[in-house]
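The chain is numbered in sequence order, starting from 1.
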Amino acid sequence: MSDGSMHSYRIPFFIGSRRLLTVERDVATLAFSLRDILSERTPAVPSLNNVEGLRVLSAPQAGEARLREAMPGFLIGGREEYARSYIDMARGYDQYFARFSGKTRNTLRRKRRKFEEASGGELDLRTYHSPDEMDEFVRLALPLSQRTYQARLLDAGLPESETARAEMRELAWQDRVRAFLLFLDGKPVAYLYLPVERDTLVYAHLGHDPDHAGLSPGTVLQLAALETLFAENRFRYFDFTEGEGAHKALFRTDSVHCASFLMLRPSWINRTLLTGLEAFDRTVATGKRVAQQTGAETALRRFLR
């Protein structure tokens with residue numbers, strides 16, 4: 001899936017999860033959907049008129065090679081490699097849950113019981129997908145999103161603009177979205193927002209109240225939502241999209257090696273920017289390795305927080 005839109009992308013300079021600064025470049029976006037990857041299809045390159053280049057998301061190895069051929073001379077940088085995780089939902093929830101090890105199944109059950117006990121004995125999970133329900137979801141989830149780690153440190157909370165809200169309502173009118181809230185004592189403590197692309201659920205936003213992290217609300221919500229989604233018998237895939245993480249690794253059934261990166265015009269400014277980003281990332285990686293070797297990693301993490 002390629003949106004082809006031009007936008008100002010803020011190239012981040014990260015130390016751990018903390019963003020120190022950003023440099024803006026006007027780029028178009030080319031994003032590989034899970035269906036693109038599994039069918040070995042490369043989306044059409046959008047128009048690059050009046051932009052510095054392309055931001056590529058989740059290119060598999062073959063797709064990246066085709067892009068390099070189609071855009072000779074473009075500078076490549078800001079590269080991030082990862083396993084793109086997904087759930088193949090073809091065999092139903094019972095078989096999906098059975099794939100976890102016995103120890104993991106017990107841990108997941110224990111976390112759910114612990115949350116239920118804190119919630120008065122029952123799991124208060126609410127589903128939203130109609131236009132009116134999406135308005136209610138946004139009203140309840142936005143204040144929660146603003147408190148999450150994703151919003152505070154990564155700029156990855158629920159979108160708050162009127163345009164984003166209109167898009168949510170439009171998806172709801174088309175029956176192309178599923179959203180969930182997990183409540184504790186009548187208050188939302190975790191949310192999950194999933195646009196739908198044909199038969200694929202797209203993992204767009206998940207967050208939880210940090211004050212209740214000890215109850216594992218994100219994990220409890222994810223598994224409970226999956227049980228509900230499997231029961232619909234409509235979806236083939238649950239796509240965890242770009243990036244890695246323990247949460248994705250836990251719940252996935254499969255993964256594909258992918259890379260996200262920038263392809264910029266070969267100007268001296270862009271070359272300097274990408275060279276500086278590479279040197280910065282290399283220095284951060286060296287510092288982390290030294291901290292691990294000297295036992296100072298915990299202190300470094302505390303400092304960054």
Side-chain angles (χ1 to χ4, degrees), residues 1 3 5 7 9-10 12 17 19 29 31 33-34 55 57-58 80 82 84-87 89 125-131 133-184 187-197 200-213 215-229 235 237-252 260:
M1 177 189 67
D3 63 25
S5 59
H7 63 276
Y9 174 60
R10 294 182 294 175
S17 61
R19 185 177 55 211
T29 298
S33 70
L34 182 61
R55 183 186 179 208
L57 300 177
S58 277
E80 179 189 5
Y82 48 86
R84 178 162 174 165
S85 300
Y86 65 96
I87 299 170
M89 303 176 71
L125 176 71
R126 306 180 196 179
T127 306
Y128 305 82
H129 55 80
S130 73
E133 288 171 346
M134 287 307 302
D135 287 341
E136 179 69 0
F137 171 78
V138 170
R139 184 183 71 82
L140 293 169
L142 270 183
L144 170 60
S145 172
Q146 292 164 354
R147 291 171 43 78
T148 63
Y149 159 87
Q150 290 86 350
R152 289 185 294 106
L153 295 182
L154 302 178
D155 252 354
L158 280 172
E160 301 184 24
S161 69
E162 289 301 323
T163 300
R165 294 191 188 198
E167 289 175 354
M168 289 179 179
R169 284 187 62 84
E170 181 62 26
L171 288 176
W173 277 112
Q174 299 173 16
D175 192 26
R176 291 179 51 216
V177 66
R178 296 292 182 270
F180 297 87
L181 282 172
L182 182 62
F183 287 77
L184 180 65
K187 296 181 180 180
V189 295
Y191 64 87
L192 177 63
Y193 178 77
L194 308 166
V196 177
E197 295 178 0
T200 301
L201 294 150
V202 179
Y203 178 83
H205 299 285
L206 172 73
H208 67 266
D209 188 335
D211 290 345
H212 298 287
L215 292 173
S216 306
T219 299
V220 173
L221 170 57
Q222 178 73 67
L223 191 61
L226 282 171
E227 187 171 7
T228 299
L229 294 165
F235 307 108
Y237 297 109
F238 187 107
D239 178 16
F240 282 107
T241 70
E242 295 80 29
E244 294 186 346
H247 183 90
K248 297 179 180 183
L250 172 63
F251 286 103
R252 72 188 180 195
S260 294

Is it true that a side-chain atom of K248 and a backbone atom of S85 form a donor plus acceptor pair closer than 3.5 Å?
no
Does R178 reach the main-chain N or O of L194 with its side chain, forming a donor-acceptor pair under 3.5 Å?
no
I'd like to check Y191 versus L140 (side-chain heavy atoms, cut-off strictly below 4.5 Å). Are they in contact?
no
Straight-line distance of L181 CG to E133 CD, nearest 0.5 Å:
11.0 Å
When you compare the side chain of V177 with that of M168, does any pair of heavy atoms fall below 4.5 Å?
no
Looking only at heavy atoms, which two atoms of T228 and T127 are closest? And how far apart?
CG2-OG1, 4.3 Å
Checking salt bridge (Lys or Arg N to Asp or Glu O under 4.0 Å) for the pair R165/D135: CA distance, chi angles, key distance, verdict?
CA-CA 8 Å; R165 294 191 188 198; D135 287 341; over 6 Å; no
Is the backbone of S58 close enough, under 3.5 Å, to the side chain of S260 for a donor and an acceptor to pair up by distance?
yes
May I ask you to test the M134-Y193 pair for a side-chain heavy-atom distance under 4.5 Å?
yes
Heavy-atom side-chain proximity of L158 to V138 below 4.5 angstrom
no
Could you tell me which non-hydrogen atom of L192 sits nearest to which non-hydrogen atom of L221, and how far apart they are?
N-CD2, 3.8 Å
Flag the pair L215 / V189 as yes when at least one side-chain heavy-atom distance between them is below 4.5 Å, and no otherwise.
no
What pair of heavy atoms forms the shortest contact from T241 to Y203, and how long is it?
OG1-O, 3.7 Å
Residues that E227 engages under salt bridge (Lys or Arg N to Asp or Glu O under 4.0 Å), provided they are two or more places apart
R112
Between CG of L34 and CD of E197, what distance do you get to the nearest 0.5 Å?
9.5 Å
To the nearest 0.5 Å, how far apart are CG in L229 and CE in M89?
5.5 Å
Listed partners of Y128 passing ring pair (Phe, Tyr, Trp, His ring centres under 6.0 Å), at least two apart
F137
Taking the side chain as everything from C-beta on, heavy atoms only, tell me whether L206 gets closer than 4.5 Å to H247.
yes
Which pair of heavy atoms, one from A172 and one from S130, lies closest together, and at what distance?
CB-C, 3.6 Å
Holding to ring pair (Phe, Tyr, Trp, His ring centres under 6.0 Å), I want the full list of residues that pass it with Y237, two or more places apart in sequence or in another chain.
Y86
So NE2 of H208 and CD of Q222: to nearest 0.5 Å the spacing works out to 13.0 Å
So do F240 and F251 actually touch side chain to side chain, heavy atoms under 4.5 Å?
yes
H205 side chain near S145 side chain, heavy-atom distance below 4.5 Å
no
Testing the basics here: between P188 and F183, what is the closest heavy-atom pair and its distance to 0.1 Å?
N-CD2, 3.5 Å
For P131 versus R169, what's the shortest heavy-atom pair and its separation?
O-NH1, 3.2 Å
